[in-house]
Protein chains: 2
Amino acid sequence: MAVTLADVAAVCRLSMSTVSRALSHPERVNARTRSRVERIARELGYVRHEVTRSQVSRRTAIIGLIVPDIANPFFSVMTKAVQDRAWKKGYSVMLADTDERAADEPDRARVLAEQADGLILASPRADDGRLREIARSSPVAFANREIARSSPVVFANREVDGAAGVVIDEYAGMNEAVQYLVSLGHRSICYLSGPGRSWSDQRRREAIGAACRAHGAELTELGPFEPQIQAGMRAADVIRFRGATAAIAYDDMIALGLIARLAERRVKVGREISVIGIDCGPLSEAAHPMLTTVHLPGAELGALAVDLLLDRLDPAAAGREPPRVRLESRLVIRGSTGLRVP
Amino acid sequence: MAVTLADVAAVCRLSMSTVSRALSHPERVNARTRSRVERIARELGYVRHEVTRSQVSRRTAIIGLIVPDIANPFFSVMTKAVQDRAWKKGYSVMLADTDERAADEPDRARVLAEQADGLILASPRADDGRLREIARSSPVAFANREIARSSPVVFANREVDGAAGVVIDEYAGMNEAVQYLVSLGHRSICYLSGPGRSWSDQRRREAIGAACRAHGAELTELGPFEPQIQAGMRAADVIRFRGATAAIAYDDMIALGLIARLAERRVKVGREISVIGIDCGPLSEAAHPMLTTVHLPGAELGALAVDLLLDRLDPAAAGREPPRVRLESRLVIRGSTGLRVP
DNA sequence: CACGATGCTGCCAACGCTTGCAGCAATTGT
DNA sequence: ACAATTGCTGCAAGCGTTGGCAGCATCGTG
């Protein structure tokens, strides 16, 4: 057995209450008592049993984060930011990776919710109905009492009716990208789409479609592709028969695979064909030529999701409207795009 | 307030013990009772309060994972494996990212240990002394009782005396790499070293040194470099004045930055200079030419660390010697290496 | 028919800490 | 000098589950 509060109290010849207060609300006990308690606690090697504390106080200081694939740089960058912000605010992060299986999300959410004070769902793949269910988890009534044990949920990179969330507005970035391509002379653009279950893919597709119509470019679509380098390579083999002179990929992974394979085929990226990716962290610089990309503020997304969640955790937030925040994206021009050669 | 066991018991007209057993040890109650309890619990929307359960049972079913940088693909791949294995065994993962700050490791370990049943420290940067301290956390004695509240620790990618761990034996892989370069005619090899605090860097350096002596190649060292693409780019500017015809980088990030910058400088990688990386996940294929790399089984490392940890969690493991496991590395030959041109 | 075995269920203490309330002394104001 | 206030500490009731022990039918066996 470990040293408990009772042990410390016994040695101090004080009641447990006082010891507990000395350790948790130092301002509520005499300064001398406090330092004596602190010293003895230290000498005995007392460490508070956090689990018990959580049980009594109804909070674990844990936030749960669910991502589709932590190995995807976009999510690992975001996770890093979540973790960092949470740590600074005194919270720990429990991580769940669904490996892109939408069906697992409710399960994972349920399990995390049992121990976390709140949940962040990043780019969830499940449908709106299921997500809404997760968001207001089991509001059953019983014996005239409201049922509470529901963890607040914040969605990142996904809009769900009536739920709190942070999203990245990709519209502007995509529009910039298309406009830039058109200004370079490209008239036929190919979108390499991401997994159908991705809400972002829908948005990107819409945004590109609208931009192409606005700027008078023709749009073709290829896909869906998994957000992985291998998939991008496969895309390279298909794209050349489409007559497009420029491609926008669902994400940098696909774009990277694409230009690697094109380079292998001796196609000069940035000259014979222009490629634009969509940001997943610092990877866009790994290629040669370096990837022109629509930068997504993944780190800010994560940090903000934490802020929103902690805000909701405050009981004062109970009544308030779930907050929605929108971040901006922007085009970063590098070497993988260039003037259309006739 | 939420529905508690007591509520369910009241509706069932049974004692809490019976309800508890019906839900947790179904075989210990009458089949009819059990299904009645299950039905009513479901109807009332009862969900067991895991925190209380943990408090009583002394286990949280959480394992803590500490990594230096989750945005580094090596760790995100490993984390994914840890998470996956843990989930399959009924555990959740709490993640801490120290952002390469060795000094933070003890703090993070302490906090995680308060809520986790055990800890995995991946490539910790702190020194052996501190790590040993973490591993046997505070064995103070008091009033004739042993102090237990110490979470078992497993180290991944680091050997610590007397502690359990999984490491990757990079010796063979590095030797293969050097041997291969020599067989291609290279006699002067440059090692781009990683951060000095990295234990792996020491091992890799030693391994390469030994291999160079064994195969009669001359070794120069450049560095230290942070494991990031940017750092690799900087390396490119330095390496060309060193007369080496081949380089081995501390990791793929550095290698990727290196060859991207070299390509920019119109140096033909794989012909004028050969580059070998050390695996961080699937990135080695992102470059053109694709990176020859020493493959490190990061996913296996993670899964195995979980297995070891869960093993140690079994009280039967109390006496046993802390297990040590060693995984193999191997060279994967791709396009970034080639015959030396005179 | 009696007796032990067996199968279920209930009682109750325990887990370690927090916190509202009350008690008590010292301090302050009048 | 007395009441009111202030500052500190102790008491005890929880928090929601679990599990050892005991009680009580029911069953099978000699």
Side-chain angles (χ1 to χ4, degrees), chain A residues 1-38 40-41 44-61 113-115 117 142-143 145 147-150 315, chain B residues 1-38 40-41 44-61 113-115 117 142-143 145 147-150 315:
Chain A
M1 284 301 299
V3 180
T4 72
L5 241 205
D7 299 325
V8 180
V11 174
C12 294
R13 307 184 149 283
L14 284 171
S15 72
M16 286 169 54
S17 336
T18 304
V19 176
S20 169
R21 276 189 285 254
L23 265 19
S24 304
H25 305 283
E27 77 287 357
R28 308 201 35 138
V29 302
N30 186 299
R32 301 249 308 280
T33 323
R34 181 202 320 160
S35 55
R36 205 167 75 87
V37 169
E38 282 170 349
I40 293 182
L44 295 179
Y46 169 74
V47 316
R48 189 201 274 125
H49 193 270
E50 282 300 329
V51 176
T52 297
R53 193 182 206 211
S54 299
Q55 196 237 21
V56 172
S57 65
R58 269 62 258 286
R59 68 185 284 283
T60 57
E114 284 167 4
Q115 308 189 263
D117 292 336
F142 168 68
R145 317 186 281 173
I147 294 214
R149 204 129 80 210
S150 67
Chain B
M1 284 301 298
V3 181
T4 72
L5 243 204
D7 298 325
V8 180
V11 175
C12 293
R13 308 184 151 282
L14 283 171
S15 73
M16 287 168 53
S17 334
T18 303
V19 175
S20 169
R21 275 189 286 255
L23 264 20
S24 304
H25 304 284
E27 76 287 358
R28 308 200 35 140
V29 302
N30 185 300
R32 300 249 308 280
T33 323
R34 181 198 322 158
S35 55
R36 204 166 77 89
V37 170
E38 283 169 349
I40 294 182
L44 295 179
Y46 169 74
V47 317
R48 188 200 274 125
H49 193 268
E50 282 300 330
V51 176
T52 297
R53 192 181 207 209
S54 298
Q55 196 238 26
V56 172
S57 65
R58 267 65 255 291
R59 67 186 285 282
T60 58
E114 283 167 4
Q115 308 189 259
D117 292 335
F142 168 68
R145 317 188 281 172
I147 294 212
R149 206 129 79 208
S150 68

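Throughout, a chain's letter reflects where its sequence line sits, starting with A, and its residues are numbered from 1. What you see below is based on every heavy atom in this structure, not just the backbone, and it leaves out hydrogens, waters and symmetry mates.
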Whole-Å gap separating P (dC8(C)) and CZ (R34(B)): 9 Å

Heavy atoms of V19(A) and A9(A) approach each other most closely as CG2-CA, 3.6 Å

To the nearest angstrom, the CG-C1' distance between D7(B) and dT17(D) comes to 13 Å

Does dG16(D) have its OP1 or OP2 closer than 4.0 Å to a side-chain nitrogen or oxygen of T4(B)? no

Write down the distance between CZ (R53(B)) and P (dG16(C)), rounded to a whole number of angstrom. 18 Å

Between the protein and nucleotides 10-13 of chain D, which nitrogen or oxygen pairs are less than 3.5 angstrom apart?
unit_1	atom_1	unit_2	atom_2	d
dG10(D)	OP2	S15(A)	N	2.9
dG10(D)	OP2	S15(A)	OG	3.1
dG10(D)	OP2	T18(A)	OG1	2.6
dG10(D)	N7	R21(A)	NH2	2.9
dG10(D)	O6	R21(A)	NH1	3.3
dG10(D)	O6	R21(A)	NH2	3.0
dC11(D)	N4	S17(A)	OG	2.7
dA12(D)	N6	S17(A)	OG	3.4

So, does S57(B) get its side chain near the phosphate of dC15(C), meaning an N or O under 4.0 Å from OP1 or OP2? no

With sequence neighbours left out, write down each residue that passes side chain to side chain contact (heavy atoms under 4.5 Å, CB included) with A6(A), or none if nothing qualifies. T4(A), M16(A)

Rounding to a whole Å, what distance do you find between Q55(A):CD and dG16(D):P? 7 Å

Taking only residues two or more places apart in sequence or in another chain, which ones pass side chain to side chain contact (heavy atoms under 4.5 Å, CB included) with S54(B)? V51(A), Q115(A), T60(B)

Sequence neighbours excluded, which residues qualify as side chain to side chain contact (heavy atoms under 4.5 Å, CB included) partners of S15(A)? S17(A), T18(A)

OH of Y46(A) to CG of L5(A), rounded to nearest 0.5 Å, is 3.5 Å

Among residues 25-33 of chain B, which contact DNA chain D at a heavy-atom distance under 4.0 Å? H25(B)

Any R58(A) side-chain nitrogen or oxygen under 4.0 Å from OP1 or OP2 of dG16(D): yes

Starting at atom CG of L5(B), determine the distance to atom C1' of dG19(D), rounded to an integer number of angstrom. 13 Å

Whether R13(A) side chain and A10(A) backbone form a donor-acceptor pair below 3.5 Å: no

Shortest non-hydrogen contact between D117(A) and A61(A), atoms and distance: OD2-N, 2.8 Å

Of all heavy-atom pairs between A2(A) and D7(A), which one has the smallest distance, and what is that distance? O-OD2, 3.8 Å

V56(A), nearest nucleotide to its side chain (from dT17(D), dC17(C), dT18(D)): dC17(C)

Note down the inter-axis angle between the two ends of the helix from dC1(C)-dG30(D) to dT30(C)-dA1(D), five pairs each, to the nearest 10°. 40°

Determine all donor-acceptor pairs shorter than 3.5 Å in which one atom belongs to a side chain in residues 28-36 of chain B; sequence neighbours excluded.
unit_1	atom_1	unit_2	atom_2	d
N30(B)	OD1	R32(B)	N	2.7
R34(B)	NE	P26(B)	O	3.2
R34(B)	NH2	P26(B)	O	3.3
S35(B)	OG	A31(B)	O	3.4
S35(B)	OG	R32(B)	O	3.0
R36(B)	NH2	C12(B)	O	2.4

Residue list, salt bridge (charged side-chain N to carboxylate O under 4.0 Å, His left out) with E50(A), at least two apart or on another chain: R48(A)

Specify the separation, in whole Å, of atom CG of L23(B) and atom C1' of dG16(D). 13 Å

side-chain hydrogen bond (donor to acceptor under 3.5 Å, both in side chains) against R53(A), all qualifying residues, sequence neighbours excluded: S24(A)

